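Note: hydrogens, waters and symmetry copies are ignored here, and every other heavy atom, side chains too, is used. Quick caveat, the model's predicted, so the values are computed rather than measured. Letters A, B, ... are given to chains in the order of the sequence lines, protein chains preceding strands, and every chain is numbered from 1.
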Amino acid sequence: MLRTHNCGALRKEDIGKEVLLAGWVNRRRDHGGVIFIDLRDRWGLTQLVIDSNQQEIYQHANAVKSEFVLQVKGIVRARPEGLANLKLPTGEIEVAVSEVIILSESKPLPFEIEEKNETDESLRLHYRYLDLRRTRMQKNLMLRHQVCQSVRRFLSERQFIEVETPFLTKSTPEGARDFLVPSRLNEGSFYALPQSPQLFKQILMIAGYDRYFQIAKCFRDEDLRADRQPEFSQVDIEMSFVEREDIFELIETMMKNLFYEALGIQLETPFPRMSYDEAMNCYGCDKPDLRITCTIDDLSSLLEGKIEVGSKTDSWNGLFLQKWKDFSRKKADLLSQMAKNAGVSLSYIKFAKEEGTSPLKNKIAEQTWRKIIEKYPFQEDSLLLIAWGDRQKVLSFLGNLRINLGEELNLIQNQFKFCWIHDFPLFEWNLEENRWDSMHHPFTAPLLDQLDQLNIDPSKVKAQAYDIVLNGFEIGGGSIRIHRSDLQEKIFQLLNLSEGEIQQKFGYFIEALQYGCPPHGGIALGLDRIMMLMSGEISIRETMAFPKTQKGTCLMSGAPSPVSDDQLMVLGIQLRNKKGPKLI
RNA sequence: GGGGUCGUGGUGUAGCCUGGCCAAACACGUCAGCCUGUCACGUUGAAGACCGCGGGUUCAAAUCCCGUCGACCCCGCCA
């Protein structure tokens, strides 16, 4: 071994020991007669001391620069009286160096490892190996490791087994765009990288494995966002002979366990639940941030027909803000403009000096006015925003406003607020292609008492699907699956897939369903998003070792890159547009 | 496909709105000297950017305009 201890290990108890340490030079402080070097590895910092009366070592240490990799031999000793550094776990000791070996040198750095100021992200990604040396990334990746360990331990204890599923698999045009991989052995045919291991895990249930999990890489060729990368990780789970409640209980316990083990935080279970309809009505979206307490209220019964409005109006909704001190005419105009852009009408009631004022005041009857005022706990600087128009537009506008104002008015407390959203619609109408799409995926079971509705009005059918939401982010989703081939085929038909397409795309799966499929269901959790929230980051890139840019490139390796004609030839591929980027 | 923000020594920023005082300022880093107890060491000095790139307007452009490239945020998209 090149070392006897790591750089975070030594304590008072080790005083007097001769030790070997190895690590990076975090910082050198040269006092003329004495040189201090902070040696760093992922466990910590240890101060090395080199005295000028040891001429040879002193000369050597003089040549040492930031981020050189050193091996040193020395004696652990106590720091002089009053000179301990209480900020460091190793701060009571130092190592008096008797031998220094420079294992490797470092060029001057493109940015400092110590995070004195934000570094441009593209630079960080280009030199990711330097960025990963920083405390922030080390903390994030170590926490991620802990979380993965915790998940594995928990699920293993609950009798789940981890099974790997293939990356080279079959393209299914439903859902996200696939990443394709050409097959050399089958010219003209392509594998697709999995968008999720969905069918494999269901087939594992058919195969009788009963409880499966995997920390699975998934691939989706869609545009990127702060919380979306083209490849990402899911904690993928599937169980046989279960109902929704079993999945909820499992995940709640797992989360509770996980947050306690990794962060020392006690979560309260069960998590609040609400139906999709309730979420849309009260929060204007299907992933409500419950850290913001205000909700969207239905004012239709109060205001319907009470005010003359020109346009078609099928919904009146309110958003009540306990206190908005600097709400001004200017702000009101700005909000109205935003509302107009969103295609809805907006007004407000502002409360000050024990009285409500509003542009609407003269337009509604005294009685109606009083009813509204009584509905809310108005106090100084309270504000009720009232929006009306097309129901969906109103709800989505107020939903967005709720989030924006939550941030602007500092209504968001620093805490973890989970909830379950359930009873999603089974289908949504695809305007472009004039047909039904699965809202979750086509393998999701409808609520059993609504099977008749499938033939009458598919839009009314709810699915046995659920999402888990944390602080306004969808961190997971799942469903109870269809386990009967006749129902599965019926769903495919409703999705306007021909018999031929069904056979060609999902034939193997339909067939598998015909050989004794247990009722089953599961969930997939977005590991990167969970890590982002646990680490307090605002992008999942900070939770991945080597993320991609918004254009899907890796600034360190330069992927994706063109390939040679020879490589294409072997695959039987010819580029349609020869103008692509040139080979270097 | 669309909307927006940003791009100034190695790093982070100031300057840009209101063109000339900018052959560009500050902090960190780098290099060299001094200093035996620092830990964001101190101190003295030095080097280092023609302002992402291309074009235009102007007597004059880091600053205004157009285009382009890159990073980021958002809409669409993400079963």
Side-chain angles (χ1 to χ4, degrees), chain A residues 26-40 45-54 58 62 65-67 77 79-88 90-91 94 96 106-127 130-131 172-178 194-196 198-199 218-230 232 341-342 396 400 403-404 424 426-428 430-432 436-444 463 465 474 477-479 491-492 495 505-506 524 526 538-539 541 547-551 553 555:
Chain A
N26 197 55
R27 189 172 280 278
R28 194 188 65 161
R29 292 177 296 278
D30 183 350
H31 286 256
V34 59
I35 296 175
F36 298 99
I37 292 172
D38 292 334
L39 202 64
R40 186 199 71 234
L45 287 179
T46 300
Q47 175 166 286
L48 312 176
V49 194
I50 295 142
D51 212 272
S52 59
N53 51 33
Q54 302 160 280
Y58 188 77
N62 243 330
K65 304 280 162 61
S66 282
E67 299 305 308
R77 70 183 188 203
R79 295 199 187 183
E81 191 70 27
L83 292 174
N85 184 349
L86 300 176
K87 283 185 259 174
L88 292 180
T90 61
E94 63 193 12
S106 168
K107 298 206 285 187
L109 300 168
F111 53 80
E112 290 163 69
I113 304 295
E114 279 188 28
E115 290 153 277
K116 290 189 176 152
N117 33 40
E118 280 286 312
T119 309
D120 183 67
E121 197 177 350
S122 57
L123 200 70
R124 292 175 55 204
L125 292 177
H126 186 270
Y127 297 98
L130 297 179
D131 188 43
T172 52
E174 276 69 33
R177 206 171 287 116
D178 283 321
Q195 297 176 23
S196 87
Q198 185 60 34
L199 290 180
C218 304
F219 306 85
R220 293 179 191 176
D221 188 7
E222 296 293 346
D223 285 4
L224 284 72
R225 289 282 192 283
D227 62 350
R228 275 161 38 187
Q229 283 272 307
F232 59 99
N341 294 343
S396 121
N400 288 331
I403 302 294
N404 294 339
F424 280 80
L426 188 61
F427 301 110
E428 57 190 342
N430 184 329
L431 273 174
E432 279 168 29
W436 293 108
D437 267 344
S438 288
M439 192 154 182
H440 186 53
H441 57 52
F443 317 105
T444 301
E474 180 199 325
S479 61
I491 297 292
F492 282 140
L495 293 173
K505 290 171 186 163
F506 304 110
I538 56 168
S539 153
R541 295 187 298 276
K548 306 257 185 310
T549 67
Q550 196 167 49
K551 282 224 170 118
T553 64
L555 293 179

Touch class at under 4.0 angstrom, heavy-atom based, for A/R541 against every strand present
sugar-phosphate
What is the pairing partner of B/rG37, taking Watson-Crick or G-U wobble pairs with both distances under 3.5 Å in any strand?
none
Starting from C1' on B/rA40, measure out to CD on A/Q47 and report it in whole angstrom.
14 Å
Whole-Å C1' distance, B/rA23 and B/rA62
13 Å
Which heavy-atom pair separates A/P442 from A/S438 by the least distance, and what is that distance?
CA-OG, 3.2 Å
Any donor and acceptor pair, going by atom type alone, linking the side chain of A/R541 with main-chain N or O of A/T549 inside 3.5 Å?
no
Distance check needed: B/rC77 C1' versus A/D223 CG, whole Å only.
6 Å
Using ring pair (Phe, Tyr, Trp, His ring centres under 6.0 Å) as the criterion, list what pairs up with A/F232, not counting sequence neighbours.
none
Expressed in whole Å, how much space separates the P atoms belonging to B/rU44 and B/rC22?
25 Å
Which residue lies toward the 5' end of RNA chain B, A/D227 or A/G175, if each is placed at its nearest nucleotide?
A/D227
Check: A/R220 side chain, A/Q195 main-chain N or O, donor-acceptor pair, under 3.5 Å
yes
Salt-bridge contact A/D131-A/R124 (side-chain N to carboxylate O under 4.0 Å)
yes
Only one of A/I35, A/D38, A/I37 passes side chain to side chain contact (heavy atoms under 4.5 Å, CB included) with A/R29; say which it is.
A/D38
Using only side-chain N and O atoms of A/S52, determine if any of them is under 4.0 Å from OP1 or OP2 of B/rU36.
no
Just name whichever nucleotide pairs with B/rC6, Watson-Crick or G-U, keeping both distances under 3.5 Å, else none.
B/rG70
Rounded distance in Å between the P positions of B/rU30 and B/rG12:
16 Å
Regarding B/rG76, can its base be found pairing with the side chain of A/R177 as donor and acceptor, where the two atoms are less than 3.5 Å apart?
no
C1' atom, B/rC39 versus B/rC50: distance in rounded Å?
40 Å
Rounded to whole Å, please give me the gap between CG in A/N341 and P in B/rC75.
15 Å
Looking only at the side chain of A/Q550 (C-beta and beyond, no hydrogens), which of the listed nucleotides B/rG37, B/rC72, B/rC78 gets closest?
B/rC72
For atom P, what is the distance between B/rC72 and B/rU13, given to the nearest Å?
16 Å
OP1 or OP2 of B/rU30 less than 4.0 angstrom from a side-chain nitrogen or oxygen of A/S66, does that happen here?
yes
Can you measure A/K116 atom NZ to B/rC39 atom C1' for me and round it to whole angstrom units?
12 Å
Sequence neighbours excluded, the answer for ring pair (Phe, Tyr, Trp, His ring centres under 6.0 Å) partners of A/H31 is A/F36
Nearest-Å distance once atom C1' is located in both B/rG19 and B/rC65:
13 Å
In whole angstroms, how far is the P atom of B/rA71 from the NE2 atom of A/H126?
12 Å
Find the distance A/I50:CD1 to B/rU36:C1' and express it as a whole number of Å.
13 Å
Establish whether the base of B/rC39 is bridged to the side chain of A/R79 by a donor-acceptor pair shorter than 3.5 Å.
yes
Counting heavy atoms from C-beta on, name the nucleotide in B/rC77, B/rA71, B/rC73 closest to the side chain of A/R228.
B/rC77
Separation of B/rG37 atom P from A/R77 atom CZ, nearest Å, is 13 Å
Does a side-chain N or O from A/R225 land closer than 4.0 Å to OP1 or OP2 of B/rC72, or not?
no
Write down the distance separating the C1' atoms in B/rG4 and B/rA40, rounded off to the nearest Å.
37 Å
Between A/T553 and B/rA71, is there a side-chain N or O to OP1/OP2 distance below 4.0 Å?
yes
Go along nucleotides 5-12 of chain B 5' to 3' and tag each nucleotide: B for a protein heavy atom under 4.0 Å from its base, S when only backbone or sugar atoms are that close, - otherwise.
-----BSS
Indicate, with a heavy-atom threshold strictly under 4.0 Å, whether A/D437 touches base, sugar-phosphate, or nothing.
nothing
Between the side-chain atoms of A/E94 and the base atoms of B/rG37, is any donor-acceptor pair under 3.5 Å?
yes
Taking only side-chain nitrogens and oxygens of A/K65, does any of them come within less than 4.0 Å of OP1 or OP2 of B/rG29?
no
Ignoring backbone atoms, test whether A/K551 places a side-chain nitrogen or oxygen under 4.0 Å from the OP1 or OP2 oxygen of B/rC72.
no
Under a 3.5 Å cut-off for both contacts, is B/rC77 paired Watson-Crick or G-U wobble with anything, and if yes, with which nucleotide?
none
Complement of B/rU58, any strand, by Watson-Crick or G-U distances under 3.5 angstrom:
none
Figure out the OH/P separation between A/Y127 and B/rA71, and round it to whole Å.
16 Å
Heavy atoms under 4.0 Å, any strand shown: does A/R40 hit a base, just sugar-phosphate, or nothing?
nothing
Going from CD on A/E94 to CG on A/N85, what distance comes out if it is rounded to the nearest 0.5 angstrom?
11.0 Å
Between B/rG37, B/rC39, B/rC78, spot the one nearest the side chain of A/V34, thanks.
B/rG37
Angle between ring planes, A/F492 versus A/F506, binned at 30° and 60°: parallel, tilted or perpendicular?
parallel
Can you check the distance between B/rA32 and B/rC26, where both ends of the measurement are the P atom (answer in whole Å)?
23 Å
Across all strands shown, which nucleotide pairs with B/rA23 by Watson-Crick or G-U wobble geometry, both distances under 3.5 Å?
none
Should A/R29 be listed as having a side-chain N or O under 4.0 Å from OP1 or OP2 of B/rU38?
no
Regarding A/R228 and A/D223, does a basic nitrogen lie under 4.0 Å from an acidic carboxylate oxygen?
no
Find which nucleotide of RNA chain B each of A/P108 and A/G91 is nearest to by heavy atoms, and output the residue with the more 5' nucleotide.
A/P108
In the strands shown, is B/rC31 matched to any nucleotide by a Watson-Crick or G-U wobble pair with both distances under 3.5 Å, and which?
B/rG45
Could you check whether A/E114 and A/N26, counting side-chain N and O atoms only, form a donor-acceptor pair closer than 3.5 Å?
yes
